[in-house]
Amino acid sequence: MPAALEMLRQMVGINSFTGNRDGVNRLSRFTGECFAPLGFTAEYVSSTNRDWGDHLVLTRRGRSDRSIALISHLDTVFPPEEEARNNFRWLVEGDRIFGPGTHDIKGGSVMMWLLLVALRSQAPKLFEDITWKLIWNSSEECYSPDFGDVCRARFDRSTLAALVFESEGRAAKESLLVVARKGRGTWRVTASGRGSHAGGKHEHGANAIVQLGQTVQRIAALTDYGRGLTVNVGTIRGGTVLNRVPHEAVAEGEFRTFTPEAFAHAKAGLLALAGRGDVRSPADGYACEVKVEILTESRPWPRNPGTDGLYQLWKQAADELGLAVNCQERGGLSDGNLIWDAVATLDGLGPWGDNDHCSERSLDGAKLPEFVDASTFVPKAMLNIAAIQKLYGA
Ligand SMILES: [Zn+2]
């Protein structure tokens with residue numbers, strides 16, 4: 001643990017905000033150096049987005065062709081200026097370690113190192129047999145679809161599993177592994193009307209804001225908690241000055257679902273709103289026009305037999321170790337969404353922490369920044385090791 005925590009301290013000290021290309025690449029090189037003594041060789045894969053750093057692939061060829069992929073990411077959501085402004089940096093308070101990326105996800109990357117070091121000394125045959133493929137996304141926090149291709153190109157039929165090291169969940173005293181994640185689509189709806197003088201020719205106008213107001217009600221009504229579908233109207237703007245009937249208004253938002261079916265349903269429901277609107281000019285019936293664009297789509301990761309099979313191994317290992325473990329379906333995305341249908345995938349294998357994506361601290365302690373609990377590393381590493389041994393033996 002002392003070596004693992006020192007590695008984590010150095011990783012947290014390197015700002016790797018997604019938009020900080022140099023920082024991400026510096027962390028990537030440092031990570032490669034950390035794993036090199038275990039026999040890993042590094043490959044850097046350019047992102048399709050030139051503003052982002054390179055993805056990192058570390059490989060250690062085993063004696064067998066069976067492989068296991070360990071997945072993490074390099075980037076965090078904290079720009080350097082924000083870290084400085086909030087004095088958000090490595091800070092140990094008892095068992096708790098605050099700092100950018102402590103659990104999302106540098107703690108997960110250190111977990112990978114910890115379990116490989118332990119396997120090398122405690123289960124050397126397994127360690128030497130398996131071909132290990134460690135793959136880091138440079139830009140997970142900004143949705144990076146090309147990373148799915150980077151992974152798929154390195155999976156093959158003898159890849160036993162893809163293990164994702166996002167942090168674990170917690171419910172009471174149970175540690176929660178992630179077996180499904182919602183997919184997310186983002187959208188933009190533009191209402192175009194006809195502008196006119198609000199005093200002299202009011203009836204000649206077709207009010208785009210009024211039209212968009214009607215349309216966003218219909219969008220909001222697509223939410224269906226029963227089928228795990230949420231639709232959020234996130235932003236809205238329109239019009240220019242008060243003496244014009246506005247000719248344009250735009251809303252943007254997202255939707256999330258656990259299943260491909262509900263995802264398709266939501267998408268179809270949004271697209272069906274396109275076309276002629278109900279709001280018309282009283283003078284001549286000129287109708288507003290509604291345009292619907294789907295901006296991004298990241299697919300759901302639904303419950304599936306491959307994931308459930310892995311979860312059973314982790315659950316058995318937990319029972320044998322006397323650890324309370326359960327599973328959860330999570331609303332947020334991870335790289336698991338990109339790869340679950342290529343190879344059996346399990347997520348939430350990192351340590352436990354909380355307040356991810358938060359950098360602020362208030363004097364009364366009501367706001368605390370991201371942290372990880374150091375004592376959660378060893379039990380989780382033991383669980384991961386025991387389950388990997390089951391996976392290898394299966
Ligand atoms: Zn993450």
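The model shown is predicted, which means the values in this text are computed figures rather than measured ones. Keep in mind that the numbers below use all heavy atoms, side chains included, and drop hydrogens, waters and symmetry copies. Indexing begins at 1, ligand by ligand and atom by atom, following the structure's order.
- Listed by chain and residue number, the protein N/O/S atoms under 2.8 Å of the Zn ion (ligand 1) are His73 NE2, Asp104 OD1, Glu166 OE1, Glu166 OE2, with waters left out.
- Ion pairing between Arg60 and Glu128 holds under the 4.0 Å rule for side-chain N and carboxylate O.
- Hydrophobic side-chain contacts under 4.5 Å tie Phe98 into a cluster, directly or through other members, with Leu91, Trp352, Leu368, Phe371.
- A salt bridge links Arg256 with Glu254: the distance from a Lys NZ or Arg NE/NH1/NH2 to an Asp or Glu carboxylate oxygen falls below 4.0 Å.
- Among Phe35, Phe165, Phe30, Phe147, the one residue that satisfies the ring pair (Phe, Tyr, Trp, His ring centres under 6.0 Å) test with Trp136 is Phe35.
- Checked for salt-bridge contact, Arg154 and Glu43 meet the test: a charged N lies under 4.0 Å from a carboxylate O.
- By the 4.0 Å N-to-carboxylate-O rule, Asp341 lies close enough to Arg299 to be salt-bridged with it.
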